[in-house]
Amino acid sequence: MSKFFRLSFGFILFFLLPLSAIAQNYTVRGKIVDEKTNEVLAGVPVGVLEKTATGVFTNNNGEYKITLPKGNYSLIVRYVGYEDKKVKISLTKDIVENISLESSSIDLNEVVVSSRRADENIASVQTGVEKMSIQEINKLPVLFGERDLVKAIQLMPGVKSAGEGGTGFYVRGGSSDQNLVLLDNVGVYNASHLMGFFSAFNSDMVRDVTLYKGALPSQYGERLSSILDVQMRDGDNQDYHVNGGLGLISSKLNVEGPIKKGKSSFIVGARRTYADVIARAFGSEDIKNTTLYFYDLNMKLNFQLSDKDRLTFTAYTGQDKLGIADVVDTDWGNTVGTLKWNRTMSNKWNSSTALIYNRYSYNIAVDMNQDIHIASIINDYALKQEFTYLQSAASTWKLGVHSTYHDIAPGKLDIPLDKGVSRRLQNRYSWENGVFASNTLKATDRLEIMYGLRVSAFSVLGAGDFYNLNENHEVIDTVSYKSGEFVKTYLNLEPRFSTAYRLNNVSSIKAAYARTTQSMHLLSNSTFATPYDRWVSTSNNIKPQIADQFTLGYFRNFANNLFEFSAEVYYKDMRNQIDFKDNALTYGNDDVETELLFGKGRAYGIEFLFKKRVGRLSGWVGYTLSKSEKKIDGINNNEWYDAVQDRTHEISMVAMYNLNDKWTLSGAWIYYTGNAVTYPSGKYQVDGKEIVYYAERNGYRAPDYHRLDLGATCVLKKTKKFYSELAFSLYNAYGRENTYFIEFRTNDDDPSKSSAYQYSLFRFVPSISWNFRF
């Protein structure tokens, strides 16, 4: 009965709206663009002067729609960094009104350009959303001269770095693989370079960055904890531009311009590190034999086919290379591409169709008289079809279907036959589908509701051998399936609900609930994730992970929206969580399920954020108090134990100060409790062999982590046609030796004892880069 009520609630609201009033309304729609570049502007608030409670934001394509009764109105557009604009319209029929905004005469170095209106934090129904502008990211201190949007997001409460030398990040107690990183709608399996020190994204190519960490909107799925949605720029369809940067170890160059002026555009970007080149030129013989670099290439083509049709093509490829001559050679990287067609079907209906290809691979070659080669590849082929329906000024629907075919080659291990080993693991195939519908309803001037349902289906496919396990996770039977045969299908309902109630003009409370599921899993039994960890899909033995998250928050603005404050408390209940048996072997075996154990998890905490958005001095202070635990039979005496990503306290303090027209200063201080880790509790001798004893899983703590980063930007030249700057930074300014990993070795003086040795990566890391555009 309760399921029937939840499914029926949205449709009842749909049909009970006053249809007669809807029939008498007319719609004004259009795009908002930059007057100079003609590039679309997302997140621009469009209000109606005569109806103060009526307004919308432009979507990622810069489009807006407002439905009003017949009459004369004035649209008002206020967007930070642009002049205010008022447009008079007469609604006697449905009309199209495109709006171009002129850049403000205010020096852009003195403001933070934000893709949000001033009171969006209290007005938006969505909880747990973090948005950062590229201008804001560009002012933060950098590592090795590279501006990094992923590291910038990690400065927000509830988001935690996986640590130096670790890929990924943690969100609200989830593991790194429970975050889906999207680049123009395409999932990126490994969103970092050089073991996590750089983001996979060239910030000069990015337009918008949004992190969803609370109740996910229904159009998002496939991961348990968060969605990081990165949208690339379209490129200027009026004039040609070049921008780039030269740093100590990396450089980048981006070119954009019109293909056909006013109708189509392109933007292309390239980036590469060259530390290895410098090392070979000036280093020792050992360094000269070392290869260490990454590169990435971005491209986007944008075609305005008609007033109603827009076609875009996005492509990205990135590769890392790490090797020592005649010893080891490794590489890993992503290649993604998407072809997207946006169509305005009518004044009420919009359509978005995307064809997607995604590939992630790594290769390891060892040449120490062994000639060992290890490789793994993931190929995804996907279709996304989404619709937006503007039912009325107070009600907007989103509907769609996502379909992805996964082809995973989990590993190929080749050793010459004279060594006796040559093995290829079975490919695993699966088909992942999701159907969703959601409605955003402005019930009253104070109350807004967003509710929806996502239905996910994950089908395990042949060909291959699949194993039946007993209660001890041992193989008792093997069943073979032909190509395309369905092995097992998992069906899950994922309800989503969010509500925001405005207490007054400066504050609101929000509550949300969401169920999410995940069927792609990353197996990593090291302290931190690496690019070589193994991805596996849900199988007949590995079930989809399921999470139910509850969120409650209070939001308040001060001093005419100059300051904002938020406090959010969350609780996440997780099922079908995965961990390893003691001494598990995850690579080189087809029946990897025999090394895994399954159970439940929970994560809960409270997040505080106090932020100053604009002015000469801007920045924020964030604090998170949290807990993340697992309970899995066969581990830790079947009792709750801390997850690897559990950190009790996390603090971030960020400040950006515009000293004058030339200089901008910045600083960021970070502190967090050390990760939960498993250290040996003792050792003993058996038949002359030393055995290390581990008392409990993740029963110890790594040392606490903290560091201070400083940055400064000096404008060298600024005209309408040319801009250049020098960016200085000092990473880890007071030289804290933070723990990279701790090794336990037999004490040289007393073999009966073991000693702990701490390894650190970076102390003081200064950098300088020159950035330009014309």
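If you read the sequence from its start, that first residue is 1, and numbering goes on from there.
The main-chain N or O of Gln231 is never found under 3.5 Å from a side-chain atom of Arg207 such that the two would form a donor-acceptor pair. Proximity of a side-chain donor or acceptor of Asn358 to a complementary backbone N or O of Val186 within less than 3.5 Å is not detected. Under the 3.5 Å distance criterion, the side-chain polar atoms of Glu256 are matched with a main-chain donor or acceptor of Asp236. In this structure a side-chain-to-backbone donor-acceptor pair under 3.5 Å is missing from Arg233 to Met205. Without hydrogens or angle criteria, Thr58 side chain to Leu41 main chain gives a donor-acceptor distance under 3.5 Å. The main-chain N or O of Pro217 is found under 3.5 Å from a side-chain atom of Arg496 such that the two form a donor-acceptor pair.
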- [ ] I would like to know whether Trp431 and Tyr405 meet ring-ring contact (aromatic ring centres under 6.0 Å, His included); could you show each step before the answer?
- [x] CA-CA 5 Å; Trp431 187 23; Tyr405 178 78; 8.4 Å; no
#### Entry: side-chain hydrogen bond (donor to acceptor under 3.5 Å, both in side chains) between His402 and Glu386, worked out
CA-CA 8 Å; His402 296 169; Glu386 299 180 359; 2.8 Å; yes
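Asp229 and Thr210 form no side-chain donor-acceptor contact under 3.5 Å, judged by distance and modelled atom types alone. Residues Ser767 and Ser729 have side chains that bring a donor and an acceptor to within less than 3.5 angstrom of each other. For the residue pair Asn190 and Ser192, a side-chain donor N or O sits within less than 3.5 Å of a side-chain acceptor on the partner. Side-chain N/O atoms of Gln385 and Ser351 include a donor and acceptor closer than 3.5 Å. Side chains of Thr312 and Asn302: a donor-acceptor N/O pair is absent below 3.5 angstrom, by distance only. Ser250 and Thr273 share no side-chain donor-acceptor pair at under 3.5 Å.
Interatomic distance, Glu130 CD to Lys213 NZ, rounded to the nearest 0.5 Å: 4.0 Å.
A salt bridge links Lys300 with Asp184: at least one charged nitrogen is closer than 4.0 Å to a carboxylate oxygen. Under the 4.0 Å criterion applied to side-chain N and carboxylate O atoms, Asp204 and Arg271 are not assigned as salt-bridge partners.
Ring planes of Tyr316 and Phe201: tilted class, angle from 30 to 60°. A tilted orientation is assigned to the rings of Tyr381 and Tyr357, their planes being inclined by 30° to 60°.
Asp320 places none of its side-chain heavy atoms less than 4.5 Å from the side chain of Asp331. Within the 4.5 Å cutoff, side-chain heavy atoms of Lys261 are placed close to those of Gln238. Phe266 places none of its side-chain heavy atoms less than 4.5 Å from the side chain of Met299. Side-chain atoms of Leu75 and Val48, non-hydrogen and from C-beta on, do get closer than 4.5 Å to each other. Counting only heavy atoms from C-beta outward, the side chains of Arg310 and Glu63 never approach each other to under 4.5 Å. In this structure the side chain of Thr67 never reaches within 4.5 angstrom of the side chain of Asn347, judged on heavy atoms. Using a 4.5 Å heavy-atom cutoff, the side chains of Ser769 and Lys252 are not in contact.
For the residue pair Phe772 and Gly245, the shortest heavy atom distance occurs at CE2-N, 3.8 Å. Across every non-hydrogen atom of Asn439 and Thr396, the tightest pair is ND2-O, 3.0 Å. Taking both residues in full, the closest heavy atoms of Tyr274 and Ser251 are given as OH-OG, 2.9 Å, listed atom of the first, atom of the second, then distance. Gln304 and Asp309 make their closest contact through NE2-O, 3.4 Å (heavy atoms, listed as atom of the first residue, atom of the second, distance).
For Lys384, the NZ atom counts as densely surrounded, since its 6.0 Å shell holds more than 12 non-hydrogen atoms of other residues, nucleotides or ligands.
Of the residues Phe294, Trp332, Tyr295, the one that meets the ring pair (Phe, Tyr, Trp, His ring centres under 6.0 Å) test with His193 is Phe294.
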